[in-house]
Each structure stands twice: as structure tokens, then as C-alpha cells.
Amino acid sequence: QVQLVESGGGLVQPGGSLRLSCALSQNIYTFESTGWYRQAPGKQRELVAAFTSFGSTDYLDSVKGRFTISRDSAKNTVDLQMNNLQPEDTAIYYCNAQRTIARRYEYWGQGTQVTVSS
């Protein structure tokens, strides 16, 4: 069984920072892609940041320069450092992992709420 557990969400003021952490139950390098998505009420889920093939990274344009994704193989974690948070960043943030074993598999965490408000 593959399990992903997110943590680190909370309430911050505009301009504040949060660090989200995703703990995976299996080695992170058994996955082709790992990253973070978010979804606000009434909106589509969108990619925030991810590690893709060959160790490259992909970021949502609106978070470039503010968010940084990182991973630690020893701890099997994928973190998202979020700086200078704005109200538009309010959403549920989900950890995601993907791999292909005869077919493509996707795994999702339960999500952690991020609320940016004064």
C-alpha cells in the first residue's frame, strides 16, 4: 500500500510563510514524479510544484520565486516551502506521486488546508 500524509498547513497573515511536508510510505525514487497540487473551493485542482523526469522541477507561474519544492530520500519526504503567501494561495494542498508499472499509477494524500488571511 502506498500512503502519503501531508502536514504543515495552517493560518497565516499575508506575507507570511509555511512549510508543507509530505511523508511517503515508500522510497521517493520509486516514483517518476512527486509534487504538490492545490484546490480552492469552486476551482479546478492545479499543479503547484513537482519533481518530474531527470530531476527537473515544474512550478506554477504565480508561485515562482516564492515557493520551493525539495525532497529527502533518507526521510522519504517531499516538502514545499511557501514564502510571501497571499490570499490567492488559500486552498487545500495535496501531495501527489506517480509511477508506471505496466500501467500508470497515481497516489494522493488527504490534503492539508492553507488559509491566508489578515
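In this text, all values refer to a predicted model and were calculated from it rather than measured experimentally. Both backbone and side-chain heavy atoms feed into the values below; hydrogens, waters and symmetry mates do not.
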Report task. Please confirm whether the backbone N or O of Ile69 pairs with a side-chain atom of Tyr59, one donor and one acceptor, at under 3.5 Å? Result -> yes
Closest heavy-atom pair, Gln3 versus Ser25, reported as atoms and distance to 0.1 Å, is N-OG, 2.8 Å
Could you check Ser70 against Arg19 for side chain to side chain contact (heavy atoms under 4.5 Å, CB included), going step by step and ending with a plain yes or no? CA-CA 11 Å; Ser70 61; Arg19 187 176 183 89; 3.4 Å; yes
Check for me, please, whether Phe31 and Val48 land in the same ILVMFWY cluster - side-chain distances under 4.5 Å, paths through other members count. yes
(Q) Hydrophobic clustering (ILVMFWY, side-chain heavy atoms < 4.5 Å, transitive) - are Val5 and Leu80 grouped together? (A) no
Could you check whether any side-chain heavy atom of Gln13 comes within less than 4.5 Å of a side-chain heavy atom of Ser118, counting everything from C-beta outward?
no
Walk me through whether Tyr29 and Arg71 qualify under side chain to side chain contact (heavy atoms under 4.5 Å, CB included).
CA-CA 10 Å; Tyr29 293 122; Arg71 57 188 176 184; 3.8 Å; yes
In short, Trp108 meets Glu106 closest at the heavy-atom pair NE1-OE1, 3.5 Å
Problem set entry | Side-chain donor or acceptor of Thr112 paired with backbone N/O of Gly9 under 3.5 Å | yes
Correct closest heavy-atom pair for Ile28 and Thr34 would be O-CG2, 4.3 Å
With hydrophobic residues grouped by side-chain heavy-atom distances under 4.5 Å, do Phe51 and Leu60 end up in a single group?
yes
Note to self: I want to check something: taking the side chain as every heavy atom from C-beta on, are Tyr94 and Arg45 in contact at a cut-off of under 4.5 Å?
What the structure shows: yes
Q. Is a side-chain N or O of Gln98 found less than 3.5 angstrom from the main chain of Asn96, in a donor-acceptor match?
A. no
*asked:* For the residue pair Glu46 / Gln39, report whether a side-chain donor-acceptor contact shorter than 3.5 Å exists.
replied: no
Interatomic distance, CG@Leu24 vs NZ@Lys75, rounded to 0.5 Å, equals 13.0 Å
Side chain to side chain contact (heavy atoms under 4.5 Å, CB included) with Val114: of Val12, Ile92, Leu20, only one passes, and it is Leu20
Heavy-atom closest pair (Gln110 atom, Leu4 atom, distance to 0.1 Å) is OE1-O, 3.6 Å
Closer than 3.5 angstrom, by distance alone: can the side chain of Gln113 be matched with the main-chain N or O of Ala91 as a donor-acceptor pair?
yes
Practice prompt. State whether a side-chain donor-acceptor pair under 3.5 Å links Arg66 with Gln81.
Written response: no
Hydrophobic cluster identity match, Val78 and Val63, side-chain contacts under 4.5 Å
yes
Test of understanding: clusters of I, L, V, M, F, W, Y form through side-chain heavy atoms closer than 4.5 Å, transitively. Do Leu85 and Leu47 belong to the same one? no
Heavy-atom nearest pair, Ala50 first then Ser33, reads CB-OG, 4.4 Å
Look at the aromatic rings of Phe67 and Tyr93 and report parallel, tilted or perpendicular, splitting at 30° and 60°. tilted
Closest non-hydrogen contact found for Trp36 with Asp79 is NE1-C, 3.8 Å
Practice item. Taking atom types as modelled, find out whether Thr30 and Arg99 have a side-chain donor-acceptor pair closer than 3.5 angstrom. Key: yes
